[in-house]
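In this text the structure is predicted, and so the values were computed from the model without any measurement. Note that ligands are numbered from 1 as they come in the structure, with each ligand's atoms numbered from 1 the same way.
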Amino acid sequence: MSGSAPVRHWVVIPAAGSGSRMGAEVPKQYLTLGGETVLAHTLRRFVGHSAITGMVVVLAPGDPYWSAIDPSLRAAVETVDGGAERADSVRCGMAALTRRAADHDWVLVHDAARPCLRRDDLDRLLTTLADDPVGGILAVPTGDTLKRAAAGIITATVPRTDLWHAQTPQMFRFDVLRTALADAGEVTDEAMAVERVGHAVRLVEGHADNLKITRPEDLALAAWYLARAEKEARCVSVTV
Ligand code: CTP
Ligand code: MG
């Protein structure tokens, strides 16, 4: 721990994927939603937030689309090249923070493809975990009935009472995440790496509208959520 030094928050945005399941002409983080790219919307969730000290955006090497992002957003972040898998890209983002972040600082990893993160969910994650030694993630309880299947035939109905959909941001102490990722091999999210080394990872309940844009049908839903959030923000600014 860094004595009485204030604990800071850093953000890593993995944005180096190709969006193969989306099947669009450009990587999905550069598709346009309501006049701005998905990535620009995602960056606006964090840029200017008073609790955030610095941000790293992880890009595909030679990314030709980044230069078209709003200059004020580009100026607010550092960029680094990513790797073949998401976990590799997150490691690249962490490496960029090594000299700046203290062990006890927080790092929040948030997918570029989740542009609809609510400000109050982000803030609840920060405050709920503030005194935690490890960290945790935003997640939502599973609403659907889940089936296990083999060769297209159901083999079991899985009790859903204790099942959650993992989201991002995933927020961990910098040294906890760096050590866990170094040992983890291929993992699908940061929590999995931290779980593997035996730490207790907390769940903080968020909202289903923090969806990850993955397939073409997700775009319309994300556009609707963003339009609703903008409308609500306008109403609030008119009524206060
Ligand atoms: N990502 C990354 N580096 C990779 C792969 C993914 O930074 N090598 C990022 C993506 O840009 C995205 C986030 O990790 O913001 C979540 O990954 P995913 O939804 O799987 O995105 P893609 O890998 O781009 O999509 P797909 O798996 O369909 O190809
Ligand atoms: Mg992927």
Asks: Report, in ascending order of atom number, the atoms of ligand 1 lying under 4.0 Å from any heavy atom of E85.
Replies: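 Listed by number with element, the hits are 4 (C), 8 (N).
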Asks: Can you list the steps and then say if L219 with L33 is a side chain to side chain contact (heavy atoms under 4.5 Å, CB included)?
Replies: CA-CA 8 Å; L219 266 184; L33 278 180; 3.7 Å; yes
Asks: With a 4.0 Å cut-off on heavy atoms, is A15 touching ligand 1?
Replies: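 Heavy atoms of A15 do come under 4.0 Å of ligand 1.
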Asks: Determine whether the aromatic ring centres of residues F174 and H104 are separated by less than 6.0 angstrom.
Replies: no
Asks: Does any N or O in the side chain of D121 come within less than 3.5 Å of the main-chain N or O of H207, such that one atom is a donor and the other an acceptor?
Replies: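 Side chain of D121 to backbone of H207: a pair is present.
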Asks: Which of these, R173, R100, R8, sits in a side chain to side chain donor-acceptor pair (under 3.5 Å) with D105?
Replies: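 When R173, R100, R8 are each tested with D105, the side chain to side chain donor-acceptor pair (under 3.5 Å) holds only for R8.
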Asks: Nearest protein heavy-atom contact for atom 7 (O) of ligand 1: which residue, which atom, what distance?
Replies: A16 N, 2.8 Å
Asks: Applying a 4.0 Å heavy-atom criterion (strictly less than), which segment of A84 is in contact with ligand 1: side chain, backbone, both, or neither?
Replies: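 For A84, only backbone atoms sit under 4.0 Å from ligand 1.
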Asks: For atom 27 (O) of ligand 1, what is the nearest protein heavy atom, given as residue, atom name and distance?
Replies: R21 NH2, 2.9 Å
Asks: Nearest protein heavy-atom contact for atom 24 (O) of ligand 1: which residue, which atom, what distance?
Replies: G19 N, 2.8 Å
Asks: May I ask you to identify the nearest protein heavy atom to atom 23 (O) of ligand 1, giving residue, atom name and distance to one decimal place in Å?
Replies: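 That would be G17 CA, 4.1 Å.
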Asks: Taking R44 first and then D70, would you say they form a salt bridge - that is, a charged N and a carboxylate O separated by under 4.0 Å?
Replies: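 Yes.
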Asks: State, without any angle test, whether D123 and H49 hold a side-chain donor-acceptor pair at a distance under 3.5 Å.
Replies: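 There is such a pair between these side chains.
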Asks: With the threshold set at 4.0 Å, does a side-chain nitrogen-carboxylate oxygen contact exist between D189 and R86?
Replies: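 R86 and D189: not salt-bridged.
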Asks: Identify, for atom 3 (N) of ligand 1, the protein heavy atom at the shortest distance, and state residue, atom and that distance.
Replies: S89 OG, 2.7 Å
Asks: Assess, by modelled atom type and distance only, whether the side chains of D63 and Y30 contain a donor and an acceptor separated by less than 3.5 Å.
Replies: yes
Asks: What protein heavy atom is closest to atom 16 (C) of ligand 1, reported as residue, atom name and distance in Å?
Replies: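 Looking only at protein heavy atoms, the one closest to atom 16 (C) of ligand 1 is D111 OD1, 3.5 Å.
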Asks: Taking the minimum heavy-atom distance to atom 9 (C) of ligand 1, which of P14, S18, G83 ranks first?
Replies: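 When every heavy atom of P14, S18, G83 is considered, P14 comes closest to atom 9 (C) of ligand 1.
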Asks: Among all protein heavy atoms, pick the one closest to atom 17 (O) of ligand 1 and tell me residue, atom and distance.
Replies: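 Protein heavy atom at minimum distance: R86 CD, 4.1 Å.
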Asks: Examine the proximity of ligand 1 to K28 and report which part, side chain or backbone, both or neither, has a heavy atom under 4.0 Å away.
Replies: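 Side chain only.
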